[in-house]
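Before any comments, here is the structure.
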Amino acid sequence: MTSENDSLPGDFVRDIIDGDLSSGRFDNRVHTRFPPEPNGYLHIGHAKAVCLNFGIARDYGGLCNLRFDDTNPSKEEEEYVNAIVEDVRWLGFDWQDRLFFASDYFDRMCEYAVRLIETGNAYVDDLSAGEIREYRGTLTEPGRESPFRNRPVDENLDLFSRMKNGEFHDGARVLRAKIDMSHPNLNMRDPVIYRILHASHHRTGDKWCIYPMYDWAHGLEDSIEGVTHSICTLEFENHRPLYDWFLDALDIYHPRQIEFARLNLSYTVMSKRLLLELVRSGSVSGWDDPRMPTISGMRRRGCSPQSIRTFCNRIGVAKVNSTVSLEFLEHCVREDLNLSSPRFMGVLDPVRLIIDNYPEGESDELDAVNNPEDPSAGSRKVTFSRELFIERDDFMEDPPGKFYRLAPGREVRLRYAYFVTCTGVVKDGSGRITEIHCSYDPATRGGDAPDGRKVKSTLHWVSAPHAIDAEVRLYDKLFSVEDPLAGNPSDLASLVNPDSLKILSSCRLEPACASLGPLDRIQLERIGYFCVDPDSSPSRPVLNRTVGLRDSWAKLRSGQ
RNA sequence: UGCCCUGUCGUCUAAUGGUAGGACGCCUGACUCUGGAUCAGGUAGUCUACGUUCGAAUCGUAGCAGGGCAGCCA
């Protein structure tokens, strides 16, 4: 299990656990679970729950199960199971041999249902779905009892067993708990326990034609597994009385349900349904599009598992609905990538720079540090020559006062190489600069002047004859508005940030980048953090921008 | 006009009846072969009212505001 060195304040969930530990409620055990439904991909909101559940188990020396809540075969697929397993493992968590499925407990759940019927706590109802809704009442009016509510136990037993045996069509009957049709909490108005669904299940095949409802199933799963603290999101708060009622009615082991606020992130959405909508509408390329807040999207974007864990551990756990700023996620990503990413030089928008006093046809091997934050990362050679590419942005013919980079007559340093001074530019017919001419000072080889003179800036560069071509995909926030759901927009797609993806197809990278493999994370000096996309090939690397470096020049410029 | 939950810097979150603190963001400055990183400083908050108390963000009452709930979804 991953250990985290962040020392963090506790949270209300841990406070509750501390209380249970001191009162001896669960025999000094702490046992949690992460219970995804396999009907979609995991997103950063799920990561919060994963980190909470596995993190608590780690901190208290307890256990955390990975359990699939697969009680609805019409929405669930094995593809999702596999993706979820991969994502949780990638995040750095381990459930040992405790990978469970709700469907493993279907037989026991049925036995429990029979017990509920026998004790007069459940009945088979012949009402249709629409009738049940009508009988339920409203938020302000009590419901009415079903005419089938007082069937004798034997009849209920018989009908339930025939439901199970497939004698009835979908929707013909349901098994309901007998609680209180006038309860102020609608969940307690005789909730449905089993429905008939002649559907093939991804694990049990056609063995079942009745499937348990969440409220019934979830507490049983927790109870069967000996879970102590069943941590879920706020929308289940109103379900807790029912969770407790079932376990009490059955008189079986009774975990404690605790609800916390789900994560919201600015400039994105966090619902499987809406994310699926973006996929279906083609607004993004798939669940793993690097703009998506999914774990697979973030992985492809280049966020490290460590940075996601750090983020989840720092945002805290509370009961207030809140929206964490995207900037905070980016901060956590930069913080980790700064320490762990090897540096390379690459030019996104190249302009040719010619060093007139450098001998034609010659080249030079210079030492470059791989990671200034990590001496053990060592160094590499970069090849210098007479013709280079630098970033078009790094030159201005008529620079404003705060522009420190290259300009006519000005001397700057080329990273790890030489000081160069701009002597002139060449333009094409439209006035666009096609070449920048410089002279270099051979005495500054390596990047320092023996006479101690300083320059205001250092530029990254690549050698024109040695550089490799690359495609770079610049990703930005998914939506152009901070809260895409504000005002219930009818089409989310129209709010997608038009600049969320810019593809640059003629970038140049230093040759060392050729050895990079899919999902490798690097820093391109002075630009940002990048991740090698799976679309990449050795002959044509494709880099995804994870997040830019903080850029005080860009900020200065945009502020004017 | 039912029931449940929640209100602390712009944002996220601590303080568990005893000095309202941290982080992100933002603003200054220092340093720097990444205008990166790092370091130092600054900015800014207890929803309102009444009550309990020597003392209230914390406890109580009322109000206001936000969120959730009427699937045979989870």
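Just so you know, these numbers come straight off a predicted model, no measurement behind them. Just so we're on the same page: letters track the sequence lines, and every chain starts at 1.
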With a 6.0 Å cut-off on the ring centroids, do [X] and [Y] count as close?
X: A:His218; Y: A:Tyr214; answer: yes
X: A:Phe246; Y: A:Trp216; answer: yes
X: A:Phe68; Y: A:Phe100; answer: no
X: A:Trp461; Y: A:Phe384; answer: yes

When you compare [N] with [M], how far apart are their [atom1] atoms, in angstrom units rounded to a whole number?
N: B:C50; M: B:A56; atom1: P; answer: 13 Å
N: B:G18; M: B:C59; atom1: C1'; answer: 15 Å
N: B:U43; M: B:G63; atom1: C1'; answer: 33 Å
N: B:A57; M: B:G17; atom1: P; answer: 13 Å
N: B:G22; M: B:U46; atom1: C1'; answer: 16 Å
N: B:C24; M: B:A14; atom1: C1'; answer: 15 Å
N: B:U58; M: B:A20; atom1: C1'; answer: 12 Å
N: B:A23; M: B:G45; atom1: C1'; answer: 15 Å

Legend entry - Base of B:U34 paired with side chain of A:Gln523 (donor-acceptor, under 3.5 Å): yes

Under-4.0 Å salt bridge between [X] and [Y]:
X: A:Arg314; Y: A:Glu335; answer: yes
X: A:Arg149; Y: A:Asp125; answer: no
X: A:Glu78; Y: A:Arg203; answer: no
X: A:Glu411; Y: A:Lys456; answer: no
X: A:Asp394; Y: A:Arg526; answer: yes

In terms of side-chain heavy atoms, does [X] have a donor or acceptor partner in [Y] at a distance below 3.5 Å?
X: A:Glu37; Y: A:Asn39; value: yes
X: A:Asp483; Y: A:Tyr267; value: no
X: A:Asp190; Y: A:Tyr135; value: no
X: A:Gln306; Y: A:Ser304; value: no

Just call it for [X]: base, sugar-phosphate, or nothing, with non-hydrogen atoms closer than 4.0 Å on any strand.
X: A:Ala217; answer: nothing
X: A:Pro372; answer: base
X: A:Asp448; answer: base
X: A:Phe260; answer: nothing
X: A:Tyr211; answer: nothing
X: A:Asn39; answer: nothing
X: A:Val455; answer: nothing

Legend entry - Among A:Thr310, A:Val324, A:Leu265, side chain to side chain contact (heavy atoms under 4.5 Å, CB included) partner for A:Leu329: A:Leu265

Inset, instruction - May I ask whether A:Phe328 stacks on the base of B:A23, given the cut-offs of 5.5 Å between ring centres and 30° between planes? - result: no

Counting only Watson-Crick pairs (N1-N3 plus N6-O4 or O6-N4) and G-U wobbles (N1-O2, O6-N3), all under 3.5 Å, who is the partner of [N]?
N: B:G60; result: B:C50
N: B:U34; result: none
N: B:C69; result: B:G2
N: B:G55; result: none
N: B:C24; result: B:G10

Which whole-number value in Å describes the distance from [X] [atom1] to [N] [atom2]?
X: A:Leu326; N: B:C24; atom1: CG; atom2: P; value: 16 Å
X: A:Arg262; N: B:U6; atom1: CZ; atom2: P; value: 18 Å
X: A:Lys402; N: B:G35; atom1: NZ; atom2: C1'; value: 11 Å
X: A:Asp11; N: B:C12; atom1: CG; atom2: P; value: 17 Å
X: A:Phe12; N: B:A15; atom1: CZ; atom2: P; value: 13 Å
X: A:Phe34; N: B:A74; atom1: CZ; atom2: C1'; value: 12 Å
X: A:Arg557; N: B:G35; atom1: CZ; atom2: P; value: 13 Å
X: A:Arg410; N: B:G35; atom1: CZ; atom2: P; value: 13 Å

Legend entry - Residue met sooner reading RNA chain B from 5', once A:Thr140 and A:Glu327 are mapped to nucleotides: A:Thr140

Inset, instruction - Return the 5'-most residue of the pair A:Lys319, A:Lys456 with respect to RNA chain B, ranking by each residue's nearest nucleotide. - result: A:Lys319

Output a table of nitrogen or oxygen pairs between the protein and nucleotides 37-43 of chain B separated by less than 3.5 Å.
| from | atom 1 | to | atom 2 | distance (Å) |
| --- | --- | --- | --- | --- |
| B:A37 | O2' | A:Asn338 | ND2 | 3.1 |
| B:A37 | O2' | A:Glu373 | OE2 | 3.0 |

Legend entry - Residue-phosphate contact under 4.0 Å: A:Arg314 side-chain N/O, B:C12 OP1/OP2: no

Inset, instruction - Using only side-chain N and O atoms of A:Ser457, determine if any of them is under 4.0 Å from OP1 or OP2 of B:U34. - result: no

Legend entry - Reference residue A:Asp367; test salt bridge (Lys or Arg N to Asp or Glu O under 4.0 Å); the match among A:Lys381, A:Arg380, A:Arg445: A:Lys381

Legend entry - Reading 5' to 3' through nucleotides 65-73 of chain B, protein heavy-atom contacts under 4.0 Å coded B for base, S for sugar-phosphate only, - for none: --SBBBSBS

Could you list all N or O pairs between the protein and nucleotides 56-63 of chain B that sit under 3.5 Å apart?
none

Legend entry - Syn/anti label of B:G36 as read from its glycosidic torsion, with the cut at 90° from 0: anti

